[in-house]
Amino acid sequence: MRVTICEDKHDMGYQAAKLGLAIIREAIEKHGRAYIVVATGLSQFSLYAHLGESDVDWSKVEAFGLNEYVGISDSHPSSFRYYLNNRFVKKVLKLGAFHAINGDAEDLPSEIARLNALIADQEIDVAFLGIGENGHIGFNDPPANFETNDPYIIVDLEERCRRQQVSEGWFPTLEEVPTKAITMSVRQILKARNLICSVPDQRKARAVAMCMYDQISVYAPCSALRTKKECTLLLDRPSSLLVMGDRR
């Protein structure tokens, strides 16, 4: 796992986009198509601004959503489909395909089966990620399922994770945050050829330390990233405080 300390969130998004675009271009050149995983959250704002300015032939790119709440529609402002449609899909020209997670599907097992069939035979070139305050990747809250080989699974959301959604302004109250989600599993995330994980802000400093130093276990889901050679962890100075010290 490579660690890069960025100057600020704008620089973090630039570095994530620069690396990701190089991987995407290489995949298109070699295979005629690229497959990516796209995340949401405050950590990805700058990334999508930079991706939207690139000259990549997006018609040759297929994107898979990382996760989605169960029970809210794609028109809900806190839906990840809403986020990705507005910040990514509409910003790039003629995206080849966007495989969104329909968290409000009437038949959730059928929706998961659909997603799993779509991704089963695809090798993901790059997955863009973040880390939650509780150390989750995707919505794999601790204790995460490290054993399942299913690409997408339904999970219960830990209260600390749900409180983070309120503190970040996605929902006005804890009661309005869904208690379940569909997420890409840990093993599926780690199958990607390359991982680019952006983690800004001092409130994520403990999660960064968890990622880098805690025992690799289901109680520290982000620690699994250390098993991946082609993983780049992008930090800013506040988020790196516990692992790098205050070098300002």
Backbone N or O of Val70 within a donor-acceptor pair of the Lys180 side chain at under 3.5 Å? no

Tell me whether Arg226 contacts the main-chain N or O of Cys211 through its side chain, where contact means a donor paired with an acceptor under 3.5 Å. yes

Please examine the side chains of Cys161 and His136, heavy atoms only from C-beta on, and report whether any two atoms are closer than 4.5 Å. yes

Cluster question for you: counting only ILVMFWY and a side-chain heavy-atom cut-off of under 4.5 Å, with indirect links fine, are Leu42 and Leu51 together? yes

Would you say Asn67's side chain and Met184's backbone share a donor-acceptor pair under 3.5 angstrom? no

Quick one: CG on Leu241 to CG on Leu235, what's the gap to the nearest 0.5 Å? 11.0 Å

Is the shortest side-chain heavy-atom distance between Ile153 and Thr183 below 4.5 Å? yes

Gly65 to Ile101 - nearest heavy-atom pair and separation: O-CD1, 3.6 Å

For a quick check under 3.5 Å, do Asp141 and Asn134 share a side-chain donor-acceptor pair by atom type? yes

Between the side chains of Arg25 and Glu29, is the shortest nitrogen-to-carboxylate-oxygen separation below 4.0 Å, so that they form an ion pair? no

Between Ser239 (side chain only) and Val199 (backbone N and O only), is there a donor and an acceptor less than 3.5 Å apart? yes

Heavy-atom closest pair, residues Ser79 and Ser73: CB-O, 3.1 Å

Any luck finding a side-chain donor-acceptor pair between Ser185 and Gln188 under 3.5 Å? no

Assigning hydrophobic clusters by single linkage (Ile, Leu, Val, Met, Phe, Trp, Tyr; side-chain heavy-atom cutoff under 4.5 Å), is Ile196 placed with Ile28? yes

For residues Met12 and Ile137: do they belong to one hydrophobic cluster (side chain heavy atoms under 4.5 Å, members Ile, Leu, Val, Met, Phe, Trp, Tyr)? no

More than 12 foreign heavy atoms under 6.0 Å from NZ of Lys228: is that the case here? yes

Would you check if the side chain of Asn116 reaches a backbone N or O of Tyr152 as a donor-acceptor pair within less than 3.5 Å? yes

Residue pairs passing the ring-ring contact (aromatic ring centres under 6.0 Å, His included) test where at least one lies in residues 189-217, sequence neighbours excluded: none

The side chain to side chain donor-acceptor pair (under 3.5 Å) partner of Arg81 among Thr40, Asp104, Asn86 is Asp104

Side-chain touch Leu234/Asp11, heavy atoms, less than 4.5 angstrom: no

Identify the two heavy atoms, one from Ala34 and one from Asp125, that lie closest to each other, and give their separation to 0.1 Å. CA-OD2, 3.3 Å

As an exercise, state the distance from CD of Glu176 to OG of Ser78, rounded to the nearest 0.5 Å. 9.0 Å

Look at the aromatic rings of Tyr48 and Tyr83 and report parallel, tilted or perpendicular, splitting at 30° and 60°. perpendicular

If you look at every heavy atom in Leu95 and Ala63, which pair is closest and at what distance? CD2-CB, 4.3 Å

Any side-chain to backbone donor/acceptor pair from Asp236 onto Cys6? Under 3.5 Å, distance only. no

Please determine if Asp214 and Arg206 form a salt bridge, counting it only when a charged side-chain N lies under 4.0 Å from a carboxylate O. yes

When you look at Ile154 and Ile182, which way does the side chain to side chain contact (heavy atoms under 4.5 Å, CB included) test go after all the steps? CA-CA 4 Å; Ile154 297 176; Ile182 298 173; 4.2 Å; yes

Heavy-atom check, side chain of Ile124 versus side chain of Ile119, under 4.5 Å: yes

To the nearest 0.5 angstrom, please state how far the NE2 atom of His50 sits from the OH atom of Tyr14. 8.0 Å

Answer with yes or no whether the side chains of Gln44 and Ser198 bring together a donor and an acceptor at under 3.5 Å. no

Salt-bridged, Glu168 to Arg203, with N to O below 4.0 Å? yes

Report the C-alpha distance between Glu7 and Arg237 in whole Å, list the side-chain angles of each, state the deciding distance to 0.1 Å, and finish with yes or no for side chain to side chain contact (heavy atoms under 4.5 Å, CB included). CA-CA 7 Å; Glu7 288 301 317; Arg237 296 183 187 279; 2.9 Å; yes

Do Arg160 side-chain atoms and Glu133 backbone N/O form a donor-acceptor pair below 3.5 Å? yes

Output yes when a side-chain donor or acceptor of Arg2 lies under 3.5 Å from a complementary backbone atom of Thr232, and no otherwise. no

Just do the side chain to side chain contact (heavy atoms under 4.5 Å, CB included) check on Phe64 and Leu115 with the steps written out, would you? CA-CA 9 Å; Phe64 289 86; Leu115 293 166; 5.7 Å; no

Hey, what do you get for CZ (Arg193) to NZ (Lys229), rounding to the nearest 0.5 Å? 15.0 Å

Is it the case that one hydrophobic cluster holds both Leu118 and Leu84, taking links as side-chain heavy atoms less than 4.5 Å apart, direct or via other members? no

Beyond-backbone contact of Val208 with Leu242, side-chain heavy atoms, under 4.5 angstrom: no

Leu233 side chain near Ile131 side chain, heavy-atom distance below 4.5 Å: yes

Leu157 versus Pro178, closest heavy-atom pair with distance: CD1-O, 3.4 Å

Would you say Glu68 and Asn102 make side-chain contact, with heavy atoms under 4.5 Å? no

Minimal non-hydrogen separation, Met210 against Ser223, with atom names: O-CB, 4.0 Å

Rounded distance (nearest 0.5 Å) linking atom OG1 of Thr173 with atom CZ of Arg162: 9.0 Å

Can you list the residues that meet the ring-ring contact (aromatic ring centres under 6.0 Å, His included) rule with His31, with sequence neighbours excluded? none

I want to check something: taking the side chain as every heavy atom from C-beta on, are Val37 and Ile189 in contact at a cut-off of under 4.5 Å? no

Qualifying residues under ring-ring contact (aromatic ring centres under 6.0 Å, His included), relative to Phe80, sequence neighbours excluded: Tyr69, Phe139

Spacing of Lys9 atom NZ and Ser46 atom OG [to the nearest 0.5 Å]: 10.0 Å

Is the side chain of Arg187 donor-acceptor paired with the backbone N or O of Phe146 at a distance under 3.5 Å, no angle test? yes

Hydrophobic cluster membership, Leu129 vs Ile216, 4.5 Å side-chain cutoff: yes

Working note: Trp58 + Phe88, criterion ring-ring contact (aromatic ring centres under 6.0 Å, His included); need CA distance, chi angles, decisive distance, verdict. CA-CA 11 Å; Trp58 291 101; Phe88 174 59; 5.6 Å; yes

Aromatic ring proximity, centroids under 6.0 angstrom, His76 and Phe171: yes

Quick check against the 3.5 Å criterion: does Glu111 have a side-chain atom that pairs as donor or acceptor with the backbone of Asp107? no

